There are 2 protein chains.
Amino acid sequence: MKKIDTSTEEKIKEAARIVFYKKGFAATRTRDIAEEAGINLALLNYYFRSKAKLFEMIMIETMAGFFQNLMMVLNDKNTSIDEKVMEVVGKYIDLIIKEPEIPTFIISELRNNPNLLLQKIPLKEVIETSEFLKQHQEAVKNGSMKEPNPLHFLINILGLTVFPFIAKPMLLGSSKLNDKEFEKMMLERKKLIPMWIKAAMSVG
Amino acid sequence: MKKIDTSTEEKIKEAARIVFYKKGFAATRTRDIAEEAGINLALLNYYFRSKAKLFEMIMIETMAGFFQNLMMVLNDKNTSIDEKVMEVVGKYIDLIIKEPEIPTFIISELRNNPNLLLQKIPLKEVIETSEFLKQHQEAVKNGSMKEPNPLHFLINILGLTVFPFIAKPMLLGSSKLNDKEFEKMMLERKKLIPMWIKAAMSVG
DNA sequence: GTCTATAACGTGATAGAC
DNA sequence: GTCTATCACGTTATAGAC
């Protein structure tokens with residue numbers, strides 16, 4: 001039940017999101033945002049003091065939204081580790097298909113601002129005390145999980161899930177794939193990745 | 001036997017590479033490059049007409065160098081498919097450890113120039129006619145390879161290999177890892193990824 | 001080839017009318 | 001709150017002396 005806010009302030013923010021996602025901070029002009037929002041350039045500064053402030057707001061919201069899913073799933077006490085893998089993979093593939101520019105946006109913009117993440121999102125604390133970590137340790141102990149380092153495990157899940165979207169321009173450039181076929185492949189991966197992960201993490 | 005060229009032209013190009021890799025096209029100032037090269041700003045335009053021309057040169061060289069490894073390995077008629085996986089993983093992990101900014105640079109800059117890749121590098125043609133593709137088809141036929149789509153296979157290899165470097169700021173932000181430990185983990189993956197891939201691609 | 005000085009332009013931000 | 005007009009500044013690129 002999300003209230004649709006069509007106020008000028010919200011219109012500017014949504015326009016900023018679109019343009020920043022597509023071009024990044026350095027390459028976007030405040031005029032681009034104003035045009036996208038259908039408003040006057042002066043209004044941008046009236047509502048949001050500066051381009052930098054507006055950007056930081058979008059950046060933090062985007063990262064928080066993106067990592068919230070991960071943190072919630074990893075901390076769910078009612079799911080097994082296999083179910084957590086399925087949830088993470090499924091949720092992120094759906095999310096990124098809906099908003100394909102987010103992963104590249106985060107990666108590109110984090111390059112110029114590497115500490116923005118740590119300051120605003122308690123990713124480290126959440127993961128270190130997570131249910132996921134406990135379940136992984138348990139699985140290592142009973143032998144069903146061969147890889148002892150949970151970070152390798154997490155990297156593999158996210159790499160298999162997120163990487164193809166980041167590398168999409170290269171994949172389309174190196175095959176006959178079109179956009180629709182690409183999306184179909186990504187949906188296939190919702191089932192494939194958990195299976196691959198299970199097989200891979202059981203060897204060693 | 002590479003000739004060391006310390007001409008002004010080469011100094012500018014190397015400086016441009018450093019600054020572009022770090023900040024991207026839009027965020028770098030020609031003054032940054034001139035300062036990095038220890039030369040006067042006017043010389044940049046004397047040797048390379050414009051910022052855009054200089055950038056395009058760096059970009060194309062970088063992508064060509066990056067994908068050349070892949071194309072060579074995938075076309076080697078003297079290695080098995082398992083050996084190809086080992087070679088790709090090993091080569092890229094070593095390469096990216098040496099030049100850590102390249103993957104994020106390519107991804108970020110390709111966003112504004114998605115067709116630069118296709119025009120200048122025959123990635124599609126090489127892969128479509130590659131020895132790798134034939135060997136994959138053969139392995140599917142004899143049952144040792146369960147995943148019938150070679151693109152899934154390729155995505156998985158590259159995702160497991162390249163993704164952690166792209167996501168490094170996030171990984172360091174979500175764990176106690178420092179730079180040295182990160183590199184150690186990446187070197188571990190040279191052995192782990194081929195093993196994981198073999199296990200994963202044998203199920204289905 | 002290399003420099004200094006400066007032109008030409010684009011961009012972020014603001015003043016002030018309405 | 002919203003607009004037009006404009007400022008102030010940074011940036012790319014070039015002219016011209018050496």
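Order of the sequence lines fixes the chain letters, A, B, ..., with proteins taken first and strands second; residue numbering starts at 1 for each chain. Please read all numbers here as calculations on a predicted model, not as lab measurements.
Straight-line distance from the OH atom of Y46(B) to the C1' atom of dG16(D): 14 Å, rounded to whole Å. Straight-line distance from the NZ atom of K23(A) to the C1' atom of dT11(C): 13 Å, rounded to whole Å. To the nearest angstrom, C1' of dT12(D) lies 13 Å from CZ of R49(B). Residue N45(B) contributes atom CG, which lies 15 Å from atom C1' of dT4(C) at whole-angstrom precision. Remark: P of dT4(D) and CG of L44(A) are 15 Å apart, rounded to the nearest angstrom. In this structure, CD of E35(B) is placed 15 Å from P of dG10(D), rounded to the nearest angstrom. What separates CG of D32(A) from P of dA13(C) is a distance of 14 Å, to the nearest Å. Note: CZ (F48(B)) to P (dT14(D)) measures 15 Å, nearest angstrom.
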I would like to know whether F20(A) and F105(A) meet ring-ring contact (aromatic ring centres under 6.0 Å, His included); could you show each step before the answer? CA-CA 8 Å; F20(A) 280 141; F105(A) 170 76; 7.4 Å; no
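Looking at E128(A), its side chain never comes within 3.5 Å of a backbone N or O of L133(A) through a donor-acceptor pair. Remark: the backbone N or O of T28(B) is not paired with any side-chain donor or acceptor of D32(B) at under 3.5 angstrom.
Between N40(A) and dC3(D), a side-chain N or O to OP1/OP2 separation shorter than 4.0 Å is absent. For the pair T30(B) and dT12(D), the criterion of a side-chain N or O lying under 4.0 Å from OP1 or OP2 is met.
Minimum atom distance to the side chain of A42(B) is reached by dA15(D), of the listed dG1(D), dA15(D), dA13(D). Distances were taken from every side-chain heavy atom of R29(A) (C-beta onward) to each of dC3(C), dT11(C), dA15(C); the shortest belongs to dT11(C).
Between K13(B) and E61(B) there is a salt bridge, since at least one side-chain N of the basic residue sits less than 4.0 Å from a carboxylate O of the acidic one.
A cation-pi contact links K51(B) to F25(B), judged by a cut-off of 6.0 Å to the six-membered ring centre and 45° from its axis.
L41(A) comes within 4.0 angstrom of a base, heavy atoms only. Using a 4.0 Å heavy-atom distance criterion, Y47(B) is classed as a sugar-phosphate-only contact.
Taking only distance into account, the side chain of R31(A) meets the base of dG12(C) through a donor-acceptor pair shorter than 3.5 Å.
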